[in-house]
Amino acid sequence: MKKIALLVLLVSCVSLFPVCADDFTVEGAEPYDTKVTPQWLKDLRRGEIITLGSWPFTLLLTSLGYSLIQVGAHNFDFSYMRNPFSTVGGDYSESETLGLIFTSLGISVGVGMADFIVNLVKRKKAEKNNSRQMENISITPLEGGNDFILQDRNPEIIFGNLESAVF
């Protein structure tokens, strides 16, 4: 009976939160502007998210790999196969647990750094291609009118990207 009363009380308290949240407004709040945040800070945040997001998976795979190495080191005796989900406490000693945690953290940081470097290289390559395309285009006005003729010094560039050109 007490469990049912506690459950009803919990559900009623939780259901009140959305009702109270509608009354809360912030006066003078400015909308979020994406142009204010520098690109390096966005890249750093992305790397942080990828590092922290990959850590549970690398911890699981590290503990699974460690268990498989232990099985192989003991002539494939599967009694040495440990539960990969019990890294904290459980089957592993304290030194093994710390080793698994720090190894998985190192791998996660490596994954985050690799993503950071790949995105940096892609962005620099795209900027280089965009600047190269803009160097080859010149616009000259017609006599007596407001129309423009697009003159391209390198016809391969303009015809390859005609769908994305803005006139």
Side-chain angles (χ1 to χ4, degrees), residues 1-26 28-135 157 160-161 163-164 166:
M1 185 66 181
K2 288 182 181 181
K3 290 181 181 181
I4 294 173
L6 183 63
L7 182 64
V8 169
L9 179 66
L10 183 66
V11 168
S12 64
C13 287
V14 171
S15 65
L16 291 177
F17 289 128
V19 175
C20 297
D22 289 339
D23 297 337
F24 183 71
T25 58
V26 177
E30 296 179 14
Y32 179 72
D33 187 12
T34 58
K35 296 178 183 174
V36 173
T37 309
Q39 187 62 43
W40 67 269
L41 194 58
K42 293 177 186 176
D43 292 341
L44 185 67
R45 177 67 177 150
R46 178 186 166 99
E48 177 188 7
I49 290 170
I50 289 176
T51 298
L52 293 177
S54 68
W55 184 60
F57 300 106
T58 57
L59 181 61
L60 174 67
L61 292 175
T62 303
S63 63
L64 183 63
Y66 181 73
S67 293
L68 290 175
I69 288 172
Q70 289 296 320
V71 167
H74 293 92
N75 294 327
F76 296 99
D77 183 11
F78 282 95
S79 64
Y80 287 95
M81 184 71 175
R82 298 178 182 168
N83 183 4
F85 295 107
S86 66
T87 46
V88 178
D91 298 337
Y92 297 103
S93 69
E94 185 177 343
S95 63
E96 289 174 328
T97 302
L98 289 176
L100 289 172
I101 289 173
F102 288 130
T103 301
S104 64
L105 277 174
I107 293 170
S108 294
V109 168
V111 168
M113 293 287 289
D115 178 74
F116 178 79
I117 291 170
V118 165
N119 281 330
L120 189 65
V121 168
K122 280 183 180 179
R123 187 176 308 107
K124 293 293 182 186
K125 187 175 180 181
E127 288 174 1
K128 188 176 179 182
N129 286 341
N130 287 340
S131 66
R132 190 178 303 153
Q133 287 178 356
M134 295 307 290
E135 291 173 357
I157 293 176
N161 293 324
E163 293 99 21
S164 63
V166 178

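Positions are given from 1 along the sequence. Remember, predicted model here, so these are calculated numbers, not experimental data.
Closest of all the heavy-atom pairs between Ile50 and Gly112 is CG2-CA, 4.1 Å. For the pair Thr62 and Ser104, the tightest heavy-atom approach, listed with the atom from each and the gap, is OG1-CB, 3.7 Å.
Within a 6.0 Å radius of CD1 in Ile4, no more than 12 heavy atoms belonging to other residues, nucleotides or ligands are found.
Atom CZ of Phe57 and atom CD1 of Ile107 lie 14.5 Å apart (nearest 0.5 Å). With rounding to the nearest 0.5 angstrom, the OG atom of Ser63 is 11.5 Å from the CD atom of Glu96. Taking CG of Leu100 as the start and CG of Leu61 as the end, the distance is 12.0 Å to the nearest 0.5 Å.
With sequence neighbours excluded, the residues forming a side-chain contact (heavy atoms from CB on, under 4.5 Å) with Leu105 are Trp55, Ile101, Phe102, listed by chain and number. Residues passing the side chain to side chain donor-acceptor pair (under 3.5 Å) test with Asp43 are Gln39, Arg123, sequence neighbours excluded. Taking Glu94 as the reference, nothing meets the side chain to side chain donor-acceptor pair (under 3.5 Å) condition, with sequence neighbours excluded.
Residues Leu44 and Glu48 fail the side-chain proximity criterion, which asks for heavy atoms closer than 4.5 Å.
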Practice problem: Might you work through the side-chain contact (heavy atoms from CB on, under 4.5 Å) test for Met81 and Leu64, ending with a clear yes or no? | Solution: CA-CA 9 Å; Met81 184 71 175; Leu64 183 63; 3.8 Å; yes
